[in-house]
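Notes to accompany the following structure.
Each ligand, and each atom within it, is numbered from 1 in the order the structure gives.
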Amino acid sequence: METKIIRMDENNIDYEMLEKAGAIIKAGGLVAFPTETVYGLGGDALNEESSGKIYRAKGRPSDNPLIVHICRLEAMFSIVKKVPDAAMKLAEAFWPGPLTIILNKSEKVPYATTGGLDTVAIRMPEHKVALAFIEASGGYIAAPSANTSGKPSPTLAKYVAEDMDGKIEMIIDGGEVGIGLESTIVDLTEEIPMILRPGYITKEMLERVLGEVKVDAAVLEDSSGKAPKAPGMKYRHYAPKGKLTIIAGNQEKVVGEINNRAAMMREKGEKVGIIGTDDTISLYRADSIKSAGRREDEESIARTLYKMLREFDDENVTVIYSEAFDETSENGGIGQAIMNRLLKAAGHHIESI
Ligand code: AMP
Ligand code: MG
C-alpha cells in the first residue's frame with residue numbers, strides 16, 4: 001500500500017483534504033493524525049474491521065484497548081451506558097484536552113475497539129486538525145499512538161512514517177506536537193475515580209474538580225507479573241532499542257556514576273547515549289549526549305523525551321543512561337507522568353546512588 005503524506009497546519013486547515021481523509025476512514029482505512037499529545041493512528045471506532053487493522057498495523061496485542069476520539073460532547077452520550085456527573089464536570093473542565101475518561105460502553109462500540117472490555121476510553125483532543133478530521137470521519141475515531149507497539153510514541157510525523165509507511169493509507173503531518181506525552185487516563189467506573197495513566201492533567205487538577213482521586217498502583221511500580229486493571233499496562237512500552245538505565249541521586253554523584261559506567265561500556269565496544277539536563281550535559285562524555293531541557297521546565301522535558309529516545313535509535317546507540325526527574329508534583333507538575341514513561345522505557349531499571 002502506498003502511504004500518502006500530507007502537510008497541514010493548525011492555522012491553515014485544508015477541509016477538502018480532510019474530506020478525503022474522512023472518506024478513507026469511512027471506507028474502513030487508517031489515517032495517522034496530529035493531536036496535542038502525540039500522533040494518533042486513526043480508524044473508525046464503530047467498525048470492528050478498522051480496529052483490527054489498527055492492531056495489525058501497530059503489531060499491538062488485541063487485548064490492549066483503543067481510545068475513542070470525539071469532536072463533540074454529544075458523541076459521548078451515544079457510546080456509553082450512562083454519563084455520570086463526574087464525566088460532565090471533567091469534560092467541562094478539560095475538554096478539548098489531554099484527558100481520557102473511561103466509562104461503561106454502550107452496544108454501539110464493538111469489543112474489537114475496547115479489547116474485549118465492557119468499558120470504553122474517550123477523549124476530545126485539543127488540536128484543530130484532529131477535531132476537523134474526526135468531524136469529517138463521522139465523529140468516532142479509535143486511535144492509539146501511531147507507533148509500532150513497544151516503541152516510543154511519535155511526536156513528529158517522520159517517526160510515524162518510519163513505523164507506518166506502507167501499512168496505512170495516509171499520514172497528516174501537522175508538525176511537532178505540543179505536549180509530547182500521552183493523555184492522562186481516569187477511570188470513572190469505580191466509586192472513586194482512579195488514574196490509570198498519569199499525564200499533563202495531574203491528580204491535583206482532577207481533585208480540584210472531583211474531590212478524592214486515586215492513582216493505580218501500577219503507575220510507578222513495576223507491574224509486569226501482576227494482573228493490571230488496564231490491560232495495556234502489562235505490555236512493554238516506549239522502549240528505545242538501546243538498554244536504558246536510570247541513575248537517581250545527588251546530581252554531582254549521578255554525573256560521576258554515569259560517566260564511569262559510560263566509559264566502561266564504551267571500552268566494551270558499546271555505543272553510549274546519555275540523557276542529562278541543560279545544567280549537566282557539558283559534564284558528560286559519551287557517543288551521544290542529549291539535554292531534556294532545564295530541570296525546572298517539565299513541559300520541555302515532556303516534549304523532548306520520546307524524541308531523544310527515537311534519536312538514539314536512529315544513531316544505533318546500544319546503551320543509554322538517564323538522570324531521574326522529580327516525581328513529586330508539588331507545583332502541580334507533570335513529573336509523575338515523565339517518570340512513569342521513563343521507567344517503562346527503562347523496563348523499571350533504576351538505580352539510586
Ligand atoms: P495508547 O492508545 O497507546 O495511548 O494506549 C491506550 C491505553 O488506554 C491502553 O493501553 C489502555 O491502558 C488504556 N485504555 C483504553 N481503553 C481502556 C479501557 N476501556 N479500560 C482501561 N484502560 C483503557
Ligand atoms: Mg501508545
Holding to side chain to side chain contact (heavy atoms under 4.5 Å, CB included), I want the full list of residues that pass it with Thr277, two or more places apart in sequence or in another chain.
Asp279, Thr280, Arg295, Glu323, Phe325
Checked the Mg ion (ligand 2): protein N, O or S atoms closer than 2.8 Å come out as Ser145 OG
So if I count the atoms of ligand 1 from 1 in the order they appear, which ones are less than 4.0 Å from some heavy atom of Ile185?
7 (C), 8 (O), 13 (C)
Atoms of ligand 1, numbered as shown, that sit under 4.0 Å from any heavy atom of Ser145
1 (P), 2 (O), 3 (O)
So, Glu182 and Arg341, do they make that salt bridge, N to O below 4.0 Å?
yes
Atom indices of ligand 1 within 4.0 angstrom of Thr119 heavy atoms, with elements:
18 (C), 19 (N), 20 (N)
Heavy-atom side-chain proximity of Lys151 to Tyr159 below 4.5 angstrom:
no
Would you give the length of the straight line joining atom OG of Ser106 to atom CD1 of Ile79, rounded to the nearest 0.5 angstrom?
7.0 Å
Does Leu196 approach ligand 1 within less than 4.0 angstrom via side chain, backbone, both or neither, non-hydrogen atoms only?
side chain
For ligand 1, which is the ligand I care about here, please tell me if Asn64 has any N or O atom under 3.5 Å from one of the ligand's N or O atoms.
yes
Does ligand 1 have an atom under 4.0 Å from some heavy atom of Arg197?
yes
Option with minimal heavy-atom separation from atom 20 (N) of ligand 1, where the choices are Ile102, Ile122, Leu103
Ile102
Mind listing the closest non-hydrogen atom pair of Leu90 and Val186 along with its distance?
CD1-CG1, 3.8 Å
Residues pairing under ring pair (Phe, Tyr, Trp, His ring centres under 6.0 Å) where one sits in residues 19-51, two or more places apart or in two chains, turn out to be Phe33-Phe133
Is it true that Arg261 and Glu257 make a salt bridge, defined as a side-chain N closer than 4.0 Å to a carboxylate O?
yes
One thing to verify: whether Glu296 and Arg294 come together as a salt bridge, which I'm taking to mean a side-chain N less than 4.0 angstrom from a carboxylate O.
yes
Structural part of Leu117 in contact with ligand 1, heavy atom criterion under 4.0 angstrom
side chain
Should Tyr200 and Glu299 be marked as a side-chain hydrogen bond (donor to acceptor under 3.5 Å, both in side chains) after you check the CA-CA gap, both sets of side-chain angles, and the distance that decides it?
CA-CA 9 Å; Tyr200 187 84; Glu299 300 204 355; 3.0 Å; yes
N/O of Glu182 under 3.5 Å from N/O of ligand 1, yes or no?
no
Using the test ring-ring contact (aromatic ring centres under 6.0 Å, His included), find all partners of Tyr306 that sit at least two apart in sequence or belong to another chain.
Tyr238
Between Ile101 and Ala87, the two heavy atoms sitting closest are CD1-O, 4.1 Å
Heavy-atom proximity to atom 5 (O) of ligand 1 ranks first, among Arg60, Met194, Arg123, for Arg60
